[in-house]
Amino acid sequence: ARELLDCAKLTRLPCLRMLVMVVSQDAVEPVLSGVGLAAILTMPSLRRFMTWGYNLPLWIGAMRRLATSGRQSPITALSIRTFEIQSVEQTPDPKVTDILPRAVFPALRHVDACYLLDDWSRGDNLIAAEVASPLLETFSGSFDDDGASALQRMPNLRHFRAESDRARDWAAHGAAVGRHERASALQTLCGYSTQGFADAFFCTAGELATKPLSLSWLSL
């Protein structure tokens, strides 16, 4: 949707299953209002949605509109890395329920939230905890605590990408993921700028595993 001036027209595409919306930072007016975004996210056919650079207040408005009305999105794969923000200092810390409310996205199986909310300092932006569910197969980002407690509610996780700008004890993070009862079932493991994560993961998973690790794709 990079060149489309009125993204609301996308709701006229009844067979649309995947949408990538990259918003130009040079745009004078929003290409999609909060009302229009809410309409797109609840299109019956849409399953995969990726966006970068969308206006944060408009996104929050759309999420609140959907949550209040009880409308749910059928999307199963969601990728949100950055929002358009005029000034971090002048923008109140958003709550995770304003960004990724599980009630609005009950069908999520794949979530890419790397760097999301890293610009804010609050300690209760529990993204992993909010999206955790037995349905989740892929998670990109970081867990909300060094013990990775949200993993307990991701029994079917198969693909994990550890990535975040926020300072943390990555060795403790890696050990916690390695201790997870489903660690041996992980098929994909990625780590970027996460010094200590990989060593701790393999040491812990190797000691505790009752069968060989299932990893088929590794990027560190």
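Note that this is a predicted model, so its numbers are computed, not measured.
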Visitor: Test of understanding: with salt bridge (charged side-chain N to carboxylate O under 4.0 Å, His left out), list the residues that count as partners of Arg109, not counting sequence neighbours.
Guide: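 Only Glu137 meet the salt bridge (charged side-chain N to carboxylate O under 4.0 Å, His left out) criterion with Arg109.
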Visitor: Please list all pairs passing the salt bridge (charged side-chain N to carboxylate O under 4.0 Å, His left out) test where one or both residues lie in residues 48-64, with sequence neighbours left out.
Guide: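 Sorted result for residues 48-64: Arg64-Asp98.
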Visitor: Please name all residues satisfying side chain to side chain donor-acceptor pair (under 3.5 Å) with Asp145, sequence neighbours left out, ordered by chain then number.
Guide: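 So Asp145 forms a side chain to side chain donor-acceptor pair (under 3.5 Å) with Ser149.
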Visitor: Return the CG to CG distance between Leu100 and Leu126, rounded to the nearest 0.5 Å.
Guide: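 Spacing of CG (Leu100) from CG (Leu126) equals 12.5 Å.
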Visitor: Roughly how far, to the nearest 0.5 Å, is the CZ atom of Phe201 from the CG atom of Leu213?
Guide: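 Output value for this atom pair is 5.5 Å.
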Visitor: If you look at every heavy atom in Ala171 and Ala200, which pair is closest and at what distance?
Guide: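 That would be O-CB, 3.1 Å.
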Visitor: For the pair Trp52 (side chain) and Ile80 (backbone), establish whether a donor and an acceptor sit closer than 3.5 Å, ignoring hydrogens and angles.
Guide: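 Not at all, since once roles are kept as given, no pair shorter than 3.5 Å links the two residues.
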Visitor: Students often mix this up, so state it plainly: with edges at 30° and 60°, are the rings of Trp170 and His173 parallel, tilted or perpendicular?
Guide: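 If you compare the ring of Trp170 with that of His173, the planes turn out perpendicular.
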Visitor: Please test Phe197 against Val177 for side-chain contact (heavy atoms from CB on, under 4.5 Å), starting from the C-alpha separation and ending with a verdict.
Guide: CA-CA 9 Å; Phe197 175 87; Val177 176; 4.1 Å; yes
Visitor: Before giving the answer on side-chain contact (heavy atoms from CB on, under 4.5 Å), spell out for Met63 and Phe105 the whole-Å C-alpha distance, their side-chain angles and the decisive distance to 0.1 Å.
Guide: CA-CA 10 Å; Met63 295 301 102; Phe105 299 104; 3.7 Å; yes
Visitor: Taking Ser214 for its side chain and Leu186 for its backbone only, find out whether a donor-acceptor pair lies under 3.5 Å.
Guide: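 No, because the side chain of Ser214 does not come within donor-acceptor range (under 3.5 Å) of the backbone of Leu186.
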Visitor: Could you state the interatomic distance from CZ (Phe160) to CD (Gln187), rounded to the nearest 0.5 Å?
Guide: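 Separation between the atoms: 15.5 Å.
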Visitor: Would you tabulate the side-chain donor-acceptor contacts of residues 34-43 under 3.5 Å, counting partners in other chains and residues two or more places apart, or write 'none'?
Guide:
{"unit_1": "Thr42", "atom_1": "OG1", "unit_2": "Ala38", "atom_2": "O", "d": "2.9"}
{"unit_1": "Thr42", "atom_1": "OG1", "unit_2": "Ala39", "atom_2": "O", "d": "3.2"}
{"unit_1": "Thr42", "atom_1": "OG1", "unit_2": "Arg71", "atom_2": "NH2", "d": "2.9"}

Visitor: What is the distance from atom CG of Leu136 to atom CZ of Phe139, rounded to the nearest 0.5 Å?
Guide: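 The CG atom of Leu136 sits 7.5 Å away from the CZ atom of Phe139.
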Visitor: Between Ser69 and Leu66 (side chain of the first, backbone of the second, donor and acceptor by atom type, cut-off under 3.5 Å), is there such a pair?
Guide: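 Present.
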Visitor: Tell me the closest heavy-atom pair linking Ala129 and Arg153, and the distance in Å.
Guide: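 Minimum heavy-atom separation between Ala129 and Arg153: O-NH2, 2.8 Å.
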Visitor: Are any non-hydrogen side-chain atoms of Met154 and Phe143 less than 4.5 angstrom apart?
Guide: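 When only atoms from C-beta onward are counted, Phe143 and Met154 do touch, with a gap below 4.5 Å.
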Visitor: Would a distance-only check, ignoring hydrogens and angles, find a side-chain to backbone donor-acceptor pair under 3.5 Å from Tyr54 to Leu32?
Guide: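 Side chain of Tyr54 to backbone of Leu32: a pair is present.
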Visitor: Would you check if the side chain of Asp112 reaches a backbone N or O of Cys114 as a donor-acceptor pair within less than 3.5 Å?
Guide: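 Yes: the side chain of Asp112 pairs with the backbone of Cys114.
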Visitor: Stepwise, does the side-chain contact (heavy atoms from CB on, under 4.5 Å) test hold for Cys190 with Trp217?
Guide: CA-CA 8 Å; Cys190 307; Trp217 202 91; 3.0 Å; yes
Visitor: Quick one: side chain to side chain donor-acceptor pair (under 3.5 Å) partners of Arg102, sequence neighbours excluded?
Guide: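 Listed in chain order: Ser133.
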Visitor: Quick one: do Ile127 and Leu135 end up in the same hydrophobic cluster if we chain Ile, Leu, Val, Met, Phe, Trp and Tyr together by side-chain heavy atoms under 4.5 Å apart?
Guide: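 No, no single cluster joins them.
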Visitor: Got a sec, which residues hit side chain to side chain donor-acceptor pair (under 3.5 Å) with Thr188, two or more places apart in sequence or on another chain?
Guide: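 With sequence neighbours excluded, Thr188 shows a side chain to side chain donor-acceptor pair (under 3.5 Å) to His159, given in chain and number order.
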Visitor: Please examine the side chains of Phe83 and Asn55, heavy atoms only from C-beta on, and report whether any two atoms are closer than 4.5 Å.
Guide: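 No; the side chains remain at least 4.5 Å from each other.
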Visitor: Can you tell me how far CD of Glu163 sits from OG of Ser142, rounded to the nearest 0.5 angstrom?
Guide: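 Interatomic distance, Ser142 OG to Glu163 CD, rounded to 0.5 Å: 10.0 Å.
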Visitor: With a 4.5 Å cut-off on side-chain heavy atoms, are Leu19 and Thr51 touching?
Guide: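 Thr51 does not reach Leu19 side chain to side chain.
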Visitor: Report yes or no: does Asn156 contribute a side-chain atom to a donor-acceptor pair with the main-chain N or O of Pro134 at less than 3.5 Å?
Guide: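 At least one qualifying donor-acceptor pair exists.
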Visitor: Give a yes or no on whether the backbone of Val111 and the side-chain of Thr138 come within a donor-acceptor separation of less than 3.5 Å.
Guide: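 Not confirmed, Thr138 side chain does not pair with Val111 backbone.
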Visitor: Under 3.5 Å, side chain of Ser45 to main-chain N/O of Leu16, donor-acceptor pair present?
Guide: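 Between the backbone of Leu16 and the side chain of Ser45 there is a qualifying donor-acceptor contact (under 3.5 Å).
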Visitor: Are Tyr192 and Leu218 linked, directly or through other ILVMFWY residues, by side chains that come within less than 4.5 angstrom of each other?
Guide: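 Each belongs to a different hydrophobic cluster.
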Visitor: Shortest non-hydrogen contact from Pro74 to Arg47?
Guide: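 Taking Pro74 first and Arg47 second, the nearest heavy atoms are CB-NH1, 3.3 Å.
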Visitor: To the nearest 0.5 angstrom, please state how far the CD1 atom of Ile60 sits from the CZ atom of Arg65.
Guide: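 Answer rounded to 0.5 Å: 14.5 Å.
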Visitor: In the single-linkage hydrophobic clustering (I, L, V, M, F, W, Y; side-chain heavy atoms under 4.5 Å), do Leu215 and Leu220 co-cluster?
Guide: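 Linked, Leu215 and Leu220 end up in one cluster.
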